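Below: one structure in structure tokens.
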Amino acid sequence: MNDFLLNIKNLKTYFYTSDGLGKAVDGISLSLKKGETLGIVGESGCGKTVTALSILKLIPDPPAKIVEGEILFEGRDILKLSDPEVREIRGNEISMIFQEPMTSLNPVFTIGNQISEVLTLHQGLKKKDAVDKSIEMLKLVGIPEAERRVNEYPHQLSGGMRQRVMIAIALACHPKILIADEPTTALDVTIQAQILELLLNLKKDFGTAVILITHDLGIIAETAQRVIVIYAGRVAEEAETKELFLNPQHPYTQELLKSIPKIESSQKKENRYLHEIKGAVPSIFQLPSGCKFHPRCPYVMDICKTQEPDLLKNGERHLARCWLLNKEYSNGKRNGSYLDRG
């Protein structure tokens with residue numbers, strides 16, 4: 001247990017609105033080891049970002065409210081800490097890279113001001129020392145002419161540079177946990193590769209544990225040691241990365257893997273098409289009964305429509321929330337067409 005920096009148990013974050021009760025996160029549990037990269041994957045609207053914001057108590061209250069669960073950071077429950085105590089952790093011991101750097105960076109303050117603020121607040125540095133450290137961090141994340149860039153505003157930087165600034169801010173205090181929420185969104189492929197390489201190198205240098213949130217399984221394959229697949233606010237599957245890719249157990253995970261474009265010879269390209277998952281992620285205000293994936297599942301059974309399965313073990317460290325893992329309902333599919341990913 002001492003190896004774990006973070007333990008989340010049965011986290012429930014609900015939205016109370018005029019449209020009704022929205023269960024954005026509905027009983028998620030996960031753990032993060034020291035120095036580990038944990039991938040959280042799923043389609044947009046599955047609850048990945050709300051889970052991350054809940055860890056740092058950054059959800060808008062109202063309308064959102066954490067109604068149940070524990071978020072244990074080094075043995076302390078963040079949900080029971082006072083606001084000043086949480087602010088001591090936020091940005092200092094647990095940092096976050098947000099999805100869109102243009103909206104996350106303040107347009108009326110220079111890059112240097114925004115990095116310096118973290119350093120003066122959490123490390124008590126004087127203004128000049130904070131500026132010097134800011135320049136050092138800009139150099140560390142690969143921004144050229146850091147002495148000049150530190151005085152520029154966000155709109156003067158490219159998307160890739162703004163994302164690097166966000167990483168510099170997040171890592172300025174050498175946090176123990178870095179939450180990266182879609183860190184390569186809206187960046188071209190070349191810049192994406194640079195950002196991912198940068199994160200991996202900085203992780204090695206600082207020994208930081210990383211929670212990497214993405215919808216791109218290709219990124220997960222390259223960076224994460226373990227993966228959690230989230231669907232409709234629930235954990236659908238959890239496994240080590242290699243195990244998940246070689247032996248996915250939940251139909252949703254299988255459908256996600258089928259959606260990855262494959263490089264094939266010209267002879268095999270004929271009559272091939274990009275696979276799509278039928279339907280859409282359900283609204284958090286109108287979740288289906290039973291298994292939340294059953295309206296889209298190619299293996300749906302009657303029990304799936306009325307009862308939601310628990311997370312069932314399939315091996316030492318492989319869990320999946322599917323009735324097909326229960327021998328009583330598998331009907332031979334577990335070792336047959338169920339695992340045939342095509």
Side-chain angles (χ1 to χ4, degrees), residues 1 4-32 38-91 93-96 98-99 177 179-182 211 213 215 228-238 250 252 280-295 304-312 319-322:
M1 196 72 172
F4 290 101
L5 275 176
L6 185 71
N7 274 287
I8 298 176
K9 301 178 181 179
N10 198 35
L11 178 66
K12 296 184 179 182
T13 303
Y14 294 169
F15 283 76
Y16 296 84
T17 73
S18 57
D19 293 326
L21 176 64
K23 298 181 178 181
V25 174
D26 194 21
I28 284 180
S29 297
L30 61 85
S31 59
L32 180 69
L38 172 67
I40 298 181
V41 69
E43 294 168 278
S44 296
C46 282
K48 306 185 300 296
T49 296
V50 176
T51 299
L53 294 175
S54 297
I55 293 172
L56 291 172
K57 293 183 74 174
L58 285 174
I59 57 167
D61 182 8
K65 189 174 182 63
I66 299 173
V67 298
E68 192 176 323
E70 294 181 333
I71 302 174
L72 301 174
F73 172 61
E74 295 186 322
R76 293 189 297 166
D77 189 352
I78 291 177
L79 299 182
K80 293 180 180 178
L81 299 181
S82 65
D83 288 343
E85 288 174 321
V86 173
R87 283 195 291 270
E88 282 295 316
I89 294 173
R90 188 190 298 144
E93 297 186 88
I94 304 177
S95 287
M96 184 167 178
F98 297 93
Q99 276 192 36
I177 297 174
I179 302 171
D181 187 7
E182 302 278 9
I211 297 176
I213 298 171
H215 59 270
I228 290 177
V229 180
I230 291 181
Y231 186 79
R234 304 278 276 168
V235 174
E237 187 161 0
E238 178 180 351
H250 198 285
Y252 179 56
V281 177
S283 165
I284 61 172
F285 300 104
Q286 294 179 325
L287 293 172
S289 59
C291 173
K292 303 299 179 283
F293 187 62
H294 89 255
C304 305
K305 300 175 183 179
T306 57
Q307 297 182 44
E308 185 174 28
D310 295 325
L311 275 172
L312 302 174
L319 301 169
R321 192 183 298 278
C322 183

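Just so it is clear, the model here is predicted, and its values are computed rather than measured. Just so you know, residue 1 is the first one in the sequence shown, and it goes up from there.
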So does Ile66 get a backbone contact from the side chain of Thr13, meaning a donor-acceptor N/O pair under 3.5 Å? no

Please give me the minimum heavy-atom distance between Tyr14 and Val25, naming the atom from each residue. CE2-O, 3.6 Å

Measure across Pro282 and Lys292 and return the closest heavy-atom pair with its distance rounded to 0.1 Å. CG-O, 4.3 Å

Mark yes or no for whether Lys65, through its side chain, and Pro63, through its backbone, hold a donor-acceptor pair below 3.5 Å. no

Taking side-chain contact (heavy atoms from CB on, under 4.5 Å) as the criterion, tell me which of Leu72, Ile179, Leu38, Ile177 meets it with Leu6. Ile177

Sub-4.5 Å side-chain heavy-atom contact between Phe73 and Leu81: no

Would you call Leu287 and Lys23 a side-chain contact if the rule is heavy atoms closer than 4.5 Å? yes

What distance do Asp181 atom CG and Met96 atom CE have between them, rounded to the nearest 0.5 Å? 4.5 Å

Please round to the nearest 0.5 Å and tell me the distance separating atom OG of Ser29 and atom CD of Glu70. 9.5 Å

Which atoms form the tightest heavy-atom contact between Ser44 and Val281, and what is the distance? O-CG2, 3.8 Å

Verify, without hydrogens or angle tests, whether Asp26 (side chain) and Lys12 (backbone) share a donor-acceptor contact under 3.5 angstrom. no

Run the side chain to side chain contact (heavy atoms under 4.5 Å, CB included) test on Glu182 and His215 for me, step by step, so that the C-alpha distance in whole Å, both residues' side-chain angles and the decisive distance to 0.1 Å come before the verdict. CA-CA 8 Å; Glu182 302 278 9; His215 59 270; 3.1 Å; yes

Restricting to non-hydrogen atoms, name the atom on Ile230 and the atom on Cys46 that form the minimum distance, rounded to 0.1 Å. CG2-O, 3.2 Å

So how far is it from Ile94 CD1 to Ile55 CD1, rounded to the nearest 0.5 Å? 7.0 Å

Between the NZ atom in Lys48 and the CD1 atom in Ile40, the distance rounded to the nearest 0.5 Å is 9.5 Å

Would a distance-only check, ignoring hydrogens and angles, find a side-chain to backbone donor-acceptor pair under 3.5 Å from Ser289 to Thr306? no

So which atom in Ala52 and which in Ile213 form the shortest heavy-atom distance, rounded to 0.1 Å? CB-CD1, 3.4 Å

Roughly how far, to the nearest 0.5 Å, is the OG atom of Ser283 from the CG atom of Asp19? 8.0 Å

Taking His250 for its side chain and Arg321 for its backbone only, find out whether a donor-acceptor pair lies under 3.5 Å. yes

Lys/Arg N to Asp/Glu carboxylate O, Glu85 vs Arg76, below 4.0 Å: no

Could you pull out the closest heavy-atom pair between Ile71 and Leu79, with the gap in Å? CD1-CD2, 3.8 Å

Within this structure, what is the CG-CZ distance for the pair Leu21 and Phe15, rounded to the nearest 0.5 Å? 11.0 Å

Note, Pro309 side chain near Cys291 side chain (heavy atom, < 4.5 Å): yes

List in chain and number order the residues that pass side-chain hydrogen bond (donor to acceptor under 3.5 Å, both in side chains) with His294, two or more places apart in sequence or in another chain; answer none if no residue qualifies. none

Thr17 side chain to Gly20 backbone, donor-acceptor under 3.5 Å: yes

Ile28 and side-chain contact (heavy atoms from CB on, under 4.5 Å): which single residue from Asn10, Ile228, Thr51 fits? Thr51

